[in-house]
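Reviewing the structure listed below.
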Amino acid sequence: MHFNLFPYKIMQKKLEQAVKKGLQEIYGVTINSVEFQTTKKDFEGDYTIVVFAFLRFIKGNPVEIGNKLGEFLVNNVAEVTKFNVVKGFLNLVINDSYFLNSFQNIYKIENFGFVSPNPKDKAVMVEYSSPNTNKPLHLGHIRNNLLGYSVAEIIKASGKNVYKTQIINDRGIHICKSMLAWQRFGNGETPKNTNLKGDKLVGNYYVAFDKAYKEEMKALVAQGKSEEDAKKEAPILVEAQEMLRKWEAGDTEVVALWKKMNQWVFDGFDITYKELGVNFDKNYYESNTYLLGKDVVAKGLNDGIFYKKDDGSVWIDLTDEGLDEKIVLRADGTAVYMTQDIGTAIERFKDFDLEKLVYTVGNEQDYHFKVLFLILSKLGYSWAKNCYHLSYGMVDLPSGKMKSREGTVVDADDLMVEMTNTARDISQELGKLEGYSKPEKETLYKTIGLGALKYYILKVDPKKRILFNPEESVDFAGNTGPFIQYTYARIQSILRKASFDYHVTQSEAEVNLHEKERSLIKQLLLFPEIIQNAAINHSPALIANFTYDLVKEYNSFYQTVPILACENEQEKIIRTQLSFKVGEIIKSAFNLLGINVPDRM
RNA sequence: GGCCUCGUGGCGCAACUGAAUAGCGCACUGGAUUUCGGCUCCAGCGGUUGCAGGUUUGAAUCCUGCCGGGGUCACCA
């Protein structure tokens, strides 16, 4: 069974053994690894061996070595039928029946490419989203969410147990600002009586706070205060700080208000998460974790890893590592961001049996995580090396950076609605939706709109920054989500029309594979490797690119050869099976990206 | 300024982590349907991979310097 999981690798292993044996026999040298590539389209062949790499062990002309080795392989490996040598590259042609057989083998495997985890194994925890509860989610969060969710799914598919988690920053001065503003200007507004999503309502008061704060500052400056003093002394800010102190002291009234408004936000987030199609196995709340880490700092201080400054604040000196000094505890003994992160990391490794902890956080925090992991390892936690910062680039708009103050933030909910609207416009023109009910149609528009958005964001390497062009993101042609969805729908249409039982294994028989069938099968066989690779590299983009290549390959196949109209019965079945399997893999690949596929569109 | 990071045809992205003639999409030009969904397919145009050195049989990829963009250098998170 396991034998079938990595068909591409299996052949490669076989060839590798033969190459080693061949070089031993011909040149008497032992090499430990062989470098393989998939053969480029311009050359004939399926596997390519890089002969250049042998030159370190074998003196000679690479072309000559390639030719000798090629001959050996043709004579010693049954599946190798031909070879050609171009410069230092040995291209090998594998026979049709190998590919046909491999295809027949994987055809029956459900979830081909997915490895099921052993429940007893240690797990991987993926943290993502982790919003503040004072304002709604925006485009930046969307990238974070899509990435985190997808990476978690990919790691799961690669054979690991996975926990998806977020830490909700539900406490602190930011939420107090919203609370205070609501208390003052709210007139008892609630999500219910305003018909606003809770996160939006609370966000409005965060803005209201900022406005009032600025006005007060202005007034103070007019009274002759310096700008710096005004910034600190504005009464509304002082009051918000007072509110935070009350909260920490457990003041019942403040806590009650905090609970109420946070709940509004949670309810709002739940809607957004649901629309986006992401979920979590466990939520951490900062209100529960913000005190963690202090005792660890105390212990580290004792052990001489940290040191105390005269004012009582605690620091770590990382100048030996080429970094700076970093504060880990405030002079008044309260925790900073770093303190909490030390504490929560330890907590998580206690809560779960983890082999790895992935933090999905933007690259503006690269330095923070570098320091965090270093501190954890200095504190003696051996698992520190298993912490990974999945750092992703910013999302910029054509107009530049998103700035909440300038109102250029793209709201997550609004964006999803817009994408759905665009999908509706286009589908109403072109769609084949006879017999679909209205709700069915609406679901479909959402599938397409979100498919476009998600694919647009996930197809780019996470590390790179994205220029979010609203017009391009709703493109439906070329390398886009809807293009792939369209291909899937077209395949389903074919399968609906296939009025014969195509799920019957075809003996390898004397079928000669068409060139398009060959390359399609080759692409299919790659899927398991792609999943592993995407998991190792934490990159949904690899899945997206693979899927796009597969779809292009299929469309070319579709255009070139008849499927249902094929006259040869056996070939007709194989082509239908190919269509079926391609559809299935599009679906699973898109699942890994959190994208749905429609049967019609 | 120190540190980190990025720079690939007009635009948006790839390149299996050092290999062949650097791929693809959009845009532009020209073709393809008595056929299973034309939101498709095929072809053309377009790049001395920011610049200059270096390492290597081989560099978009590694090293050095410079130029340009972004990030970060908070007792915010």
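Keep in mind the model is a prediction, meaning the values are calculated, not measured. Below, chain A is the first sequence line, B the second, and so on; all start at residue 1.
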Would you check, one step at a time, whether the test salt bridge (charged side-chain N to carboxylate O under 4.0 Å, His left out) holds for Lys516(A) with Glu571(A)? CA-CA 13 Å; Lys516(A) 297 287 180 190; Glu571(A) 265 186 67; over 6 Å; no

Candidate pair Glu242(A) and Arg245(A), rule salt bridge (charged side-chain N to carboxylate O under 4.0 Å, His left out), full reasoning: CA-CA 5 Å; Glu242(A) 176 56 24; Arg245(A) 268 188 290 278; 3.4 Å; yes

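A distance of about 16 Å separates the C1' atoms of G25(B) and C42(B), rounded to the whole Å. Across the C1' atoms, C3(B) and G44(B) are found 48 Å apart, a figure rounded to whole Å. Rounded to whole Å, the separation between the P atoms of A59(B) and G50(B) comes to 15 Å.
Rounded to an integer number of Å, the gap from Asp549(A) CG to C13(B) P is 18 Å. Put simply, CG on Asn533(A) is 9 Å from C1' on U17(B), counting in whole angstrom units. Whole-Å rounding puts the Glu325(A) CD to C3(B) P distance at 18 Å. Straight-line distance from the CD atom of Glu567(A) to the C1' atom of U35(B): 12 Å, rounded to whole Å. Going from atom CZ of Phe483(A) over to atom P of U40(B) covers 6 Å, rounded to whole Å. Here A20(B) presents its P atom at 17 Å from CZ of Phe36(A), a figure rounded to the nearest Å.
Glycosidic conformation of U17(B): syn, with the torsion inside 90° of 0.
For the pair Phe43(A) and A20(B), the ring geometry qualifies as stacking, because the centroid separation is below 5.5 Å while the planes lie within an angle under 30°.
Around the NZ atom of Lys309(A), the shell of radius 6.0 Å holds more than 12 heavy atoms that belong to other residues, nucleotides or ligands.
Remark: RNA chain B takes part in the stems B:1-7 with B:67-73, B:10-13 with B:23-26, B:28-32 with B:40-44, B:50-54 with B:62-66, each of 3 or more antiparallel Watson-Crick or G-U pairs, criterion distances under 3.5 Å.
When distances run from any side-chain atom of Val86(A) to the nucleotides A20(B), C41(B), C36(B), the shortest one goes to A20(B). You'll find that the side chain of Glu364(A) is closest to U72(B), out of C16(B), C39(B), U72(B).
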Report each atom pair, protein N/O against N/O of nucleotides 56-60 of chain B, whose distance is under 3.5 angstrom.
none

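Counting atom types as modelled, Thr48(A) pairs a side-chain N or O with a base atom of A20(B) as donor and acceptor under 3.5 Å.
Dashed line: the shortest gap from a side-chain N or O of Arg600(A) to OP1 or OP2 of C39(B) is not under 4.0 Å. Note on Lys497(A): a side-chain N or O is less than 4.0 Å away from OP1 or OP2 of G37(B). The side chain of Arg330(A) contributes an N or O atom lying less than 4.0 Å from OP1 or OP2 of C76(B). At the phosphate of A14(B), OP1 or OP2 sits under 4.0 Å from a side-chain N or O atom of Lys464(A).
Among the protein residues, Tyr337(A) comes within range of the nucleic acid bases, having at least one heavy atom under 4.0 Å from a base atom. Here Gln37(A) lies in heavy-atom contact (under 4.0 Å) with a base.
In this structure, Arg490(A) satisfies the cation-pi test against Tyr558(A), with its NZ or CZ atom closer than 6.0 Å to the six-membered ring centre and inside 45 degrees of the ring normal.
Using a 4.0 Å cut-off on heavy atoms, none of the residues of residues 445-458 of chain A approach RNA chain B.
Although no hydrogens or angles enter the test, the distance criterion places no donor-acceptor pair under 3.5 Å between the side chain of Ser427(A) and the main chain of Arg424(A).
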